[in-house]
Participant: 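Have a look at this one.
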Amino acid sequence: MNLEKPAANPINEAYQRERKLSFLEKIYLPEIFKGLLYTFKQMFAPKFTLNYPEEKWDPPSIFRGRPVLVEDDGQERCVACGLCARACPPLAISMQASESEDPKERYPEKFEINMLRCIYCGFCEEVCPEEAIVMSKDYDIVFESREDAVYDKERLLVPKEDLSERLEYLKEYRNNQFGQFWDFKQDNNIHSVRDRDTDWNTGLSLVNLLEQQKRNDASRASSNWKV
Ligand code: SF4
Ligand code: SF4
C-alpha cells in the first residue's frame, strides 16, 4: 500500500472534488429564472401566515398555553392541596393554603406561578384532582421585569366559561383509564369529611373515626367503579 500518495486524498491536486459545469450552469441565468418563477407562483398560493399582532392566532383546544386557575361561581376551584407545586419540574408554582368557613374549607390564600420558570409542560393540569388549574390558549405573554413575570392569584384566575373548550377537551381525552374518579364534579369540590359522610358520629374516638372513614372510602370507591 502506498502510504505517501493515498488514492482519495483531497490535498492531492490530482483529486477532482468539483463536478464539471455545463455552459448554462456556468452563467447561472436559468437557475435565477427558476427561482423567480417559484417566487411568482407562491404569490398566488394559499397563505398560512398572519399579520401578527394585528391578527391573532386562535389555537385549538389541545394547545398548551399559559397555565391558569379556574374560577367557578366567583371563587377558585383550587383547594390548595399542593400537588401541582409538587409535580412542577422547574418549581414554578408556590402557594400558601388557608382555611375558610365555606364547605370547601381550604383555599389558596396566595398562589403564584413564575412564568419565567414555567416550561408549559402541563404536569400541573394533569395532577390536579379538581381541574382547578388548566392550560389556557394564552401564548401572548410579555413581561417588563422579573417581578412582573410572577403571576399572582388575581392574574391567574379565569372564569370557567372562558376555558370551556379546554375543559371539554380534558373531559374527553384526559386519563380515561381512571374513569369517573378523575372527572371534575362540583360535589367533589366540597372538602369536608362531615359533608361527605352521612353517618358522621362525633362521639367516636379518633382511632374509630379513622377506621370508619376507611370503611366509608372503601365502600364508596367500589361502588363508583364502572364495570
Ligand atoms: S405547565 Fe409545567 S412548568 Fe408550568 S407551572 Fe405547570 S407544571 Fe410547572
Ligand atoms: S393541584 Fe389543583 S387543587 Fe391542588 S393546589 Fe394545585 S391547582 Fe390547587
Side-chain angles (χ1 to χ4, degrees), residues 57 59-143 145-196 217 221:
W57 176 55
S61 49
I62 196 172
F63 182 77
R64 291 201 306 257
R66 169 174 86 89
V68 295
L69 288 176
V70 182
E71 187 183 308
D72 200 344
D73 288 335
Q75 66 170 346
E76 67 283 320
R77 277 183 181 176
C78 176
V79 290
C81 67
L83 277 175
C84 54
R86 183 82 178 172
C88 178
L91 305 177
I93 303 177
S94 55
M95 76 188 71
Q96 175 62 54
S98 188
E99 294 185 355
S100 67
E101 290 298 315
D102 70 1
K104 208 173 77 166
E105 289 194 354
R106 276 169 66 91
Y107 75 101
E109 193 177 42
K110 277 175 68 178
F111 196 107
E112 288 179 349
I113 300 184
N114 187 338
M115 294 309 298
L116 285 176
R117 289 190 169 198
C118 180
I119 52 171
Y120 304 88
C121 62
F123 285 4
C124 50
E125 176 188 69
E126 228 167 275
V127 297
C128 179
E130 301 293 344
E131 263 180 22
I133 187 165
V134 297
M135 307 305 280
S136 69
K137 290 184 174 189
D138 192 1
Y139 57 87
D140 192 3
I141 307 166
V142 181
F143 325 116
S145 65
R146 286 182 171 271
E147 292 73 31
D148 199 26
V150 180
Y151 279 45
D152 60 6
K153 204 169 82 173
E154 281 62 44
R155 285 168 85 192
L156 288 172
L157 278 172
V158 175
K160 71 171 178 189
E161 291 75 24
D162 297 348
L163 300 165
S164 55
E165 276 185 49
R166 183 69 184 182
L167 292 171
E168 283 301 315
Y169 166 80
L170 291 176
K171 196 174 272 182
E172 197 168 347
Y173 294 106
R174 180 187 183 198
N175 270 343
N176 282 335
Q177 76 265 31
F178 288 106
Q180 61 186 38
F181 279 112
W182 290 85
D183 285 347
F184 173 74
K185 290 198 188 109
Q186 189 67 42
D187 294 350
N188 292 346
N189 203 243
I190 311 295
H191 280 259
S192 161
V193 178
R194 280 186 302 282
D195 288 325
R196 283 187 294 160
D217 284 348

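Atoms within each ligand, like the ligands themselves, are counted from 1 in listed order. The first residue of the sequence shown is numbered 1, and numbering continues consecutively from there.
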Participant: Going by the angle between their ring planes, with limits at 30° and 60°, are W57 and Y139 parallel, tilted or perpendicular?
Facilitator: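 It falls in the tilted class, 30° to 60°.
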Participant: What heavy-atom pair brings I141 and Y151 nearest, and what distance separates the two atoms?
Facilitator: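 Between these two residues, the closest heavy atoms are CG2-OH, 3.2 Å.
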Participant: Give the residue, atom name and distance (to 0.1 Å) of the protein heavy atom nearest atom 4 (Fe) of ligand 1.
Facilitator: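 The closest one turns out to be C118 SG, 2.3 Å.
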Participant: Check this for me: Y169, atom OH, are more than 12 non-hydrogen atoms of other residues, nucleotides or ligands nearer than 6.0 Å?
Facilitator: yes
Participant: Between the side chain of R166 and the main-chain N/O of S61, is any donor-acceptor distance below 3.5 Å?
Facilitator: yes
Participant: At a 4.0 Å threshold, what atoms of ligand 1 neighbour a non-hydrogen atom of Y120?
Facilitator: 1 (S), 4 (Fe)
Participant: If you take all heavy atoms of Y120 and G65, which pair is closest and at what distance?
Facilitator: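 Taking every non-hydrogen atom into account, CD2-O, 3.4 Å.
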Participant: If the contact criterion is a heavy-atom separation under 4.0 Å, does A87 count as touching ligand 1?
Facilitator: no
Participant: Which atoms from ligand 1 have a heavy atom of P90 less than 4.0 Å away?
Facilitator: 3 (S)
Participant: Which pairs with one or both residues in residues 134-143 pass salt bridge (Lys or Arg N to Asp or Glu O under 4.0 Å), sequence neighbours excluded?
Facilitator: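 Of all non-adjacent pairs touching residues 134-143, those that pass salt bridge (Lys or Arg N to Asp or Glu O under 4.0 Å) are K56-D140, D58-K137, R66-D138, K137-E165.
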Participant: Excluding sequence neighbours, so at least two apart, what forms side-chain hydrogen bond (donor to acceptor under 3.5 Å, both in side chains) with S164?
Facilitator: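 For S164 there are no side-chain hydrogen bond (donor to acceptor under 3.5 Å, both in side chains) partners, ignoring immediate neighbours.
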Participant: Would you say that V70 contacts V158 through its side chain, given a criterion of any heavy-atom pair below 4.5 Å between the two side chains?
Facilitator: no
Participant: Mind counting the protein N, O or S atoms sitting less than 2.8 Å from atom 6 (Fe) of ligand 2?
Facilitator: 1
Participant: Which protein heavy atom lies closest to atom 3 (S) of ligand 1, and at what distance to 0.1 Å?
Facilitator: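 Scanning the protein heavy atoms, the shortest distance from atom 3 (S) of ligand 1 goes to I119 N, 3.3 Å.
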Participant: Do me a favour and list the nearest non-hydrogen protein atom to atom 8 (Fe) of ligand 1 with residue, atom name and distance?
Facilitator: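 Minimum-distance protein heavy atom for atom 8 (Fe) of ligand 1 reads C88 SG, 2.3 Å.
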Participant: Give the atoms of ligand 2, by number and element, whose distance to some non-hydrogen atom of V79 is under 4.0 Å.
Facilitator: 3 (S), 8 (Fe)
Participant: Closer than 2.8 Å to atom 2 (Fe) of ligand 1, do we get an N, O or S atom from C121, backbone or side chain?
Facilitator: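 Yes, C121 qualifies, because one of its backbone or side-chain N, O or S atoms lies under 2.8 Å.
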Participant: In ligand 1, which numbered atoms sit nearer than 4.0 Å to a non-hydrogen atom of M135?
Facilitator: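 In order of number, 1 (S).
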Participant: State which residues pass side-chain hydrogen bond (donor to acceptor under 3.5 Å, both in side chains) with E112; sequence neighbours excluded, sorted by chain then number.
Facilitator: none
Participant: Closer than 3.5 angstrom, by distance alone: can the side chain of R106 be matched with the main-chain N or O of S100 as a donor-acceptor pair?
Facilitator: no
